[in-house]
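For reference, the structure is listed below as structure tokens.
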Amino acid sequence: DAMVIQNPRYQVTQFGKPVTLSCSQTLNHNVMYWYQQKSSQAPKLLFHYYDKDFNNEADTPDNFQSRRPNTSFCFLDIRSPGLGDAAMYLCATSSDGTSGAEQFFGPGTRLTVL
Amino acid sequence: TQLLEQSPQFLSIQEGENLTVYCNSSSVFSSLQWYRQEPGEGPVLLVTVVTGGEVKKLKRLTFQFGDARKDSSLHITAAQPGDTGLYLCAGEEETGNQFYFGTGTSLTVIP
């Protein structure tokens with residue numbers, strides 16, 4: 001019954017070593033989001049895809065990139081992770097963006113940077 | 001980025017007490033959602049409010065959307081230890097697709 005799946009749940013990388021986090025969905029939603037959540041803080045929107053259209057938040061660092069090869073999958077690439085990028089990364093989906101559309105979240109990937 | 005302020009930021013109460021969490025913004029949202037998040041997990045949707053002035057109830061939880069669709073409140077009656085968690089509001093911007101989270105309220109209910 002899993003609807004939004006994130007792999008892995010825990011990821012450890014080294015300072016400066018590229019890492020990719022993955023998200024998949026079985027809901028066939030056309031909007032997918034990536035959020036960063038640091039300890040005791042609210043999730044912060046990094047970017048989202050409406051179908052294949054990529055929408056970046058103005059304050060998202062260039063170090064963060066995303067790919068969406070098809071409706072079901074979306075990837076978050078961190079090109080050169082720094083210690084400040086250690087956080088929980090949450091993927092979410094929603095349907096076609098009409099008012100009141102609900103977001104469904106995955107369980108998150110906790111990233112540790114050594 | 002549209003700012004949503006939640007208050008209080010932290011709340012610790014005894015079991016059986018009532019509480020209200022507020023979510024305020026200067027921006028208008030087409031809808032507003034409330035989530036509850038437990039440590040190490042993703043947020044779980046509690047409710048979506050869409051119409052200004054709308055009130056929704058979910059067992060002991062009452063949610064209200066402000067008339068101007070800029071603010072919302074969550075009221076919990078007779079809080080229980082199982083209500084402990086991080087409560088987040090998230091506003092959907094009027095052009096759709098983007099959701100911005102509030103600053104969060106960490107609730108602890110002491111048995």
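Reminder, nothing fancy here: chain letters follow the sequence lines and each chain counts from 1.
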Let me confirm one number: the [atom1]-[atom2] distance from [X] to [Y], rounded to the nearest 0.5 Å.
| X | Y | atom1 | atom2 | value |
| --- | --- | --- | --- | --- |
| B/Gln37 | A/Leu90 | CD | CG | 6.0 Å |
| B/Glu41 | A/Met88 | CD | CE | 7.0 Å |
| B/Leu88 | A/Gln41 | CG | CD | 11.5 Å |

Side-chain polar contacts of residues 65-73 of chain B - donor-acceptor pairs under 3.5 angstrom, sequence neighbours left out - could you list them?
{"residue": "B/Arg69", "atom": "NH1", "partner": "B/Phe29", "partner atom": "O", "Å": "2.9"}
{"residue": "B/Ser72", "atom": "OG", "partner": "B/Trp34", "partner atom": "NE1", "Å": "2.9"}
{"residue": "B/Ser72", "atom": "OG", "partner": "B/Gln64", "partner atom": "O", "Å": "2.6"}

Item to check | B/Ser106, part contacting chain A, at a heavy-atom distance under 4.5 Å | outcome: neither
Tell me the residues of [range] whose non-hydrogen atoms fall below 4.5 Å from those of chain B, in number order.
| range | value |
| --- | --- |
| residues 103-113 of chain A | A/Gln103, A/Phe105, A/Gly106, A/Pro107 |
| residues 69-77 of chain A | none |
| residues 9-17 of chain A | A/Arg9 |

Are [X] and [Y] joined in one hydrophobic group, where the rule is that I, L, V, M, F, W and Y side chains link up if heavy atoms are under 4.5 Å apart?
| X | Y | answer |
| --- | --- | --- |
| B/Leu58 | B/Val49 | yes |
| B/Tyr22 | B/Tyr87 | no |
| A/Ile78 | A/Phe47 | yes |
| A/Tyr50 | A/Tyr33 | yes |
| B/Leu11 | B/Leu74 | yes |

Item to check | Greatest number of heavy atom pairs closer than 4.5 Å to chain B - which of A/Pro43, A/Ser39, A/Ala42, A/Ala92 | outcome: A/Pro43
Next on the checklist: Under the criterion side-chain contact (heavy atoms from CB on, under 4.5 Å), I'd like the reasoning laid out for A/Leu45 against B/Phe99: C-alpha separation, chi angles, the key distance, then a yes or no.
Outcome noted: CA-CA 8 Å; A/Leu45 182 63; B/Phe99 296 83; over 6 Å; no
Checklist entry - Is it the backbone or the side chain of A/Gln37 that comes under 4.5 Å from a heavy atom of chain B, or both, or neither? => result side chain
